[in-house]
Number of protein chains: 2
Amino acid sequence: MSDKPVSIRDVAERAGVSPGTVSNVMNGSKPVNPALAARVREAARELGYQADRAGALLRTGKARIIAVLVPDLDNPFFTSIVSAVESCLSDQGYEIIVASSNGDEATEQSRLAAMLAWRPAGLVVIPCSDEFPTRALIERTRIPYVVADRITRDPSADTVSVDNVNAGTIGAQHLLELGHRNILVAASVLSLGNIRERCAGIAETLARAGAPEPTFLEAGNHFERAAVRIFQWLEENPWPTAILALTNFTTLGALAALADRQIAVPRPISLIGFDDYAWMRARATPLTAIRQPVPEIGAAIWARLKARIEGDTAPPAHIQLECSLKVRASTAPPSPQDGISTNAG
Amino acid sequence: MSDKPVSIRDVAERAGVSPGTVSNVMNGSKPVNPALAARVREAARELGYQADRAGALLRTGKARIIAVLVPDLDNPFFTSIVSAVESCLSDQGYEIIVASSNGDEATEQSRLAAMLAWRPAGLVVIPCSDEFPTRALIERTRIPYVVADRITRDPSADTVSVDNVNAGTIGAQHLLELGHRNILVAASVLSLGNIRERCAGIAETLARAGAPEPTFLEAGNHFERAAVRIFQWLEENPWPTAILALTNFTTLGALAALADRQIAVPRPISLIGFDDYAWMRARATPLTAIRQPVPEIGAAIWARLKARIEGDTAPPAHIQLECSLKVRASTAPPSPQDGISTNAG
DNA sequence: TTGTAAGCGTTATCAC
DNA sequence: GTGATAACGCTTACAA
């Protein structure tokens with residue numbers, strides 16, 4: 001009906017009190033006579049009053065907004081993090097604003113600047129590279145932030161990630177136990193620290209067992225590209241007995257390459273995927289996979305951010321959560337002759 | 001360095017002009033002497049000035065924010081819509097704020113109210129039900145909005161959806177051409193109009209061809225539940241020669257059920273999936289699927305919203321985009337004996 | 001316990 | 001073409 005939103009003054013007038021009192025009632029910032037408070041609440045309800053957050057923001061300088069910046073909103077891992085964080089803070093009076101850097105530093109910079117203009121209470125960033133040059137931009141604002149997933153070296157803020165070394169280790173361990181010694185690692189890009197750590201966990205585990213060093217293939221951050229890279233590699237090299245994928249997209253790339261090449265799983269090639277999605281289970285040969293604890297990651301991010309927003313000044317915390325191996329049907333002991341097989345074309 | 005963000009006054013002082021002039025320069029709302037403008041821009045750059053959007057919001061009453069409300073942020077179809085919209089408006093000075101209603105009307109209501117408190121310039125809603133009771137809440141605000149995907153009857157706002165009848169038709173047509181007459185439709189919930197329309201397209205196409213009516217199975221909106229429903233149905237009924245899934249989650253459910261039941265695809269049962277994701281291609285038997293044109297949906301949403309924000313008062317537009325059938329390997333003619341097969345247990 | 005008033009940063013209106 | 005000034009809705013000292 002009314003063209004303009006109801007303001008705090010409308011409520012005050014209707015309840016016969018001052019705007020300040022309405023504010024105190026709505027925010028509980030100061031005790032108010034119960035009878036009055038009831039009258040105010042009644043008036044607010046009748047008018048459908050919803051405080052305009054612009055006024056509050058202007059006055060307090062802090063929006064009840066959490067800005068989330070991810071490298072790719074089409075990557076289900078990143079959106080699952082967004083979802084996990086959203087479900088934590090939605091009932092705490094915060095709103096979430098999202099942007100994608102498209103894996104590009106210039107875009108990261110400009111999207112970040114745009115979101116910062118809202119003076120959000122906190123920030124969640126999955127940087128597009130380990131350089132994280134936009135960190136300076138953030139730190140000038142003094143806004144609390146958490147770096148997630150991709151941890152830059154020398155982080156001066158809270159970080160939340162998985163134990164990437166261990167993630168690699170449990171994958172390699174599983175393959176070793178099955179008897180694999182000839183392993184292809186389908187990495188995304190080795191310029192990312194988290195990927196390098198996963199590789200390190202694998203390399204170390206294999207080395208300790210006296211197994212030959214695996215091949216680390218950089219397959220990129222996109223499904224299509226990963227598929228052709230892995231396909232080509234399988235064309236040009238003796239086959240491994242197992243592939244260990246280090247991201248969800250390289251998992252898909254490996255699956256596509258194996259399918260195109262008509263190579264069955266788990267024999268002649270076993271496959272361990274990364275992350276855990278419904279489609280990994282919905283297959284004739286469900287995928288063995290390294291699961292990242294996404295809900296826990298989201299909860300940890302919010303816990304740190306919330307603490308900082310509320311004034312926690314402890315030194316930066318670096319939270320690491322453990323991945324777990326979901327053993328399903330895509331991994332099996334290599335068949336005896338596979339150990340010496342070469343690409344028969 | 002400085003604890004407080006630089007304001008327009010800081011810039012004005014440094015450039016030796018008035019705040020109003022700075023505003024005019026930054027927004028281009030009024031012509032300004034080029035020399036002065038340059039000085040202002042220089043000062044802004046030096047100070048790293050970024051206009052505080054709270055002030056602007058308070059003054060203009062409209063935030064350059066688009067609020068997006070979806071039923072489930074863990075459903076890749078919905079997040080792909082968010083991503084498509086985000087990529088449209090990110091370079092137009094808009095920010096996107098997202099929330100999930102979790103498929104619940106009360107949550108939808110409260111999340112919507114919370115987002116509305118930011119006085120967003122526009123709204124994108126995928127309602128959690130066709131009732132869409134929150135519509136009243138939105139319309140009181142006079143904020144332009146677009147209803148996407150799930151179209152309520154009697155919509156008084158712009159809508160963007162796919163041609164659901166045709167989506168069903170092309171799926172059924174494909175199966176008919178292959179010779180299938182015994183079809184199971186894996187629907188999500190029949191209370192949703194878009195699902196009913198897909199069913200209608202199927203039913204009509206089959207009827208016109210003189211084929212028997214298919215079975216419409218309500219498998220729900222979640223993967224796990226859909227999997228068990230379809231599994232059970234296959235236990236208790238003679239097998240169809242083809243399954244036509246009407247959402248991404250029922251596609252996964254069907255795949256999981258078939259895998260659990262150790263039923264191969266496309267024989268004895270062909271399968272058409274809904275939506276088009278990388279995992280559908282990354283299989284030994286890539287999925288034939290009905291693809292929704294997600295980027296185009298996002299673009300259409302933004303086009304309508306943008307027009308409304310800029311004052312377009314044309315009657316509500318109801319945009320329908322066409323789905324396309326991606327024929328891959330999960331559909332094939334039924335084997336001769338399948339026409340009379342029953343569940344052999 | 002409640003009311004009053006200042007002020008947050010911006011933009012729009014008005015003189016100049 | 002530019003500068004002063006008021007106003008947006010809210011919170012929060014401070015006064016009553």
Side-chain angles (χ1 to χ4, degrees), chain A residues 2-41 43-44 47-65 93 114 116-121 141, chain B residues 2-41 43-44 47-65 93 114 116-121 141:
Chain A
S2 64
D3 250 60
K4 293 185 55 115
V6 289
S7 86
I8 200 170
R9 266 189 281 270
D10 301 324
V11 179
E13 194 175 342
R14 177 158 193 130
V17 300
S18 77
T21 302
V22 175
S23 174
N24 287 331
V25 170
M26 303 304 278
N27 303 323
S29 29
K30 267 192 178 180
V32 171
N33 181 314
L36 254 198
R39 226 166 67 220
V40 168
R41 259 185 273 273
L47 295 172
Y49 171 67
Q50 178 91 35
D52 184 330
R53 309 194 81 154
L57 168 52
L58 192 51
R59 181 63 227 238
T60 62
K62 281 279 164 276
R64 287 182 78 87
I65 280 184
L116 253 18
W118 284 104
R119 317 285 184 239
T141 68
Chain B
S2 62
D3 250 60
K4 295 183 54 116
V6 289
S7 87
I8 199 170
R9 266 190 280 270
D10 302 323
V11 178
E13 193 174 344
R14 178 160 192 129
V17 299
S18 76
T21 302
V22 175
S23 173
N24 288 331
V25 170
M26 302 304 279
N27 303 322
S29 30
K30 266 191 176 180
V32 171
N33 181 315
L36 254 199
R39 226 165 68 222
V40 168
R41 259 186 273 273
L47 296 172
Y49 170 67
Q50 178 92 35
D52 185 330
R53 309 195 81 156
L57 169 52
L58 189 53
R59 181 63 228 235
T60 62
K62 281 278 163 277
R64 286 182 78 88
I65 280 184
L116 253 19
W118 285 104
R119 317 283 184 241
T141 68

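Within every chain, numbering begins at 1; the chains are lettered A, B, ... in the order of the sequence lines, protein sequences first and strands thereafter.
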Original post:
Rounded to whole angstroms, how far apart are CZ on B/Arg119 and P on D/dG9?
Top reply: 9 Å
**OP:** Identify, between B/Gly20 and A/Ala56, the residue whose nearest nucleotide on DNA chain D lies closer to the 5' end.
**Re:** B/Gly20
Original post:
With distance as the sole test, does B/Asn27 use its side chain to make a donor-acceptor pair with the main-chain N or O of B/Ser29 at under 3.5 Å?
Top reply: no
Original post:
Taking atom P of D/dG9 as reference, at what distance in whole Å does atom NZ of B/Lys62 sit?
Top reply: 12 Å
Original post:
What are the two closest non-hydrogen atoms of B/Arg119 and B/Leu57, and how far apart are they?
Top reply: CB-CD1, 4.2 Å
**OP:** With heavy atoms under 4.0 Å as the rule, sort A/Leu36 into base, sugar-phosphate or nothing.
**Re:** sugar-phosphate
**OP:** Using only side-chain N and O atoms of A/Asn24, determine if any of them is under 4.0 Å from OP1 or OP2 of D/dT11.
**Re:** no
Original post:
So, does the side chain of B/Arg59 form a donor-acceptor pair with the base of C/dT10 at under 3.5 Å?
Top reply: no
Original post:
Which of the following nucleotides, D/dC10, D/dC14, C/dT10, is nearest to the side chain of A/Lys30?
Top reply: D/dC14
Original post:
Side-chain N or O of B/Ser18 less than 4.0 angstrom from OP1 or OP2 on D/dT2?
Top reply: no
Subject >> Distance-minimising heavy-atom pair for B/Val32 and B/Leu36 >> reply: CG1-CB, 4.1 Å
**OP:** Return no unless some side-chain N or O of A/Thr21 is found under 4.0 Å from OP1 or OP2 of C/dT2.
**Re:** no
Subject >> Whole-Å gap separating C1' (C/dG9) and OH (B/Tyr49) >> reply: 7 Å
Subject >> Which nucleotide in C/dT10, D/dT12, D/dG1 has an atom nearest any side-chain atom of B/Asn33 >> reply: D/dG1
**OP:** State, with a plain yes or no, whether a side-chain heavy atom of B/Arg41 is found less than 4.5 Å away from one of B/Val25.
**Re:** yes
Original post:
In whole angstroms, how far is the P atom of C/dT1 from the CZ atom of A/Arg39?
Top reply: 16 Å
Original post:
Over how many whole Å does the gap from A/Ile8 atom CD1 to D/dG9 atom P extend?
Top reply: 11 Å
**OP:** Kindly say if B/Ser7 contacts the phosphate of C/dG9, meaning a side-chain N or O under 4.0 Å from OP1 or OP2.
**Re:** no
Original post:
Out of D/dT2, D/dC10, C/dG9, which nucleotide sits closest to the side chain of B/Arg9?
Top reply: C/dG9
Original post:
Can you check the B/Trp118 CH2 to D/dC8 C1' distance for me, whole Å?
Top reply: 15 Å
Original post:
Can you check the B/Met26 CE to C/dT11 C1' distance for me, whole Å?
Top reply: 14 Å
Subject >> Distance in angstrom units between A/Arg53 CZ and C/dC8 C1', rounded >> reply: 17 Å
**OP:** State, yes or no, whether a side-chain contact exists between B/Asp52 and A/Trp118 at a heavy-atom distance under 4.5 Å.
**Re:** no
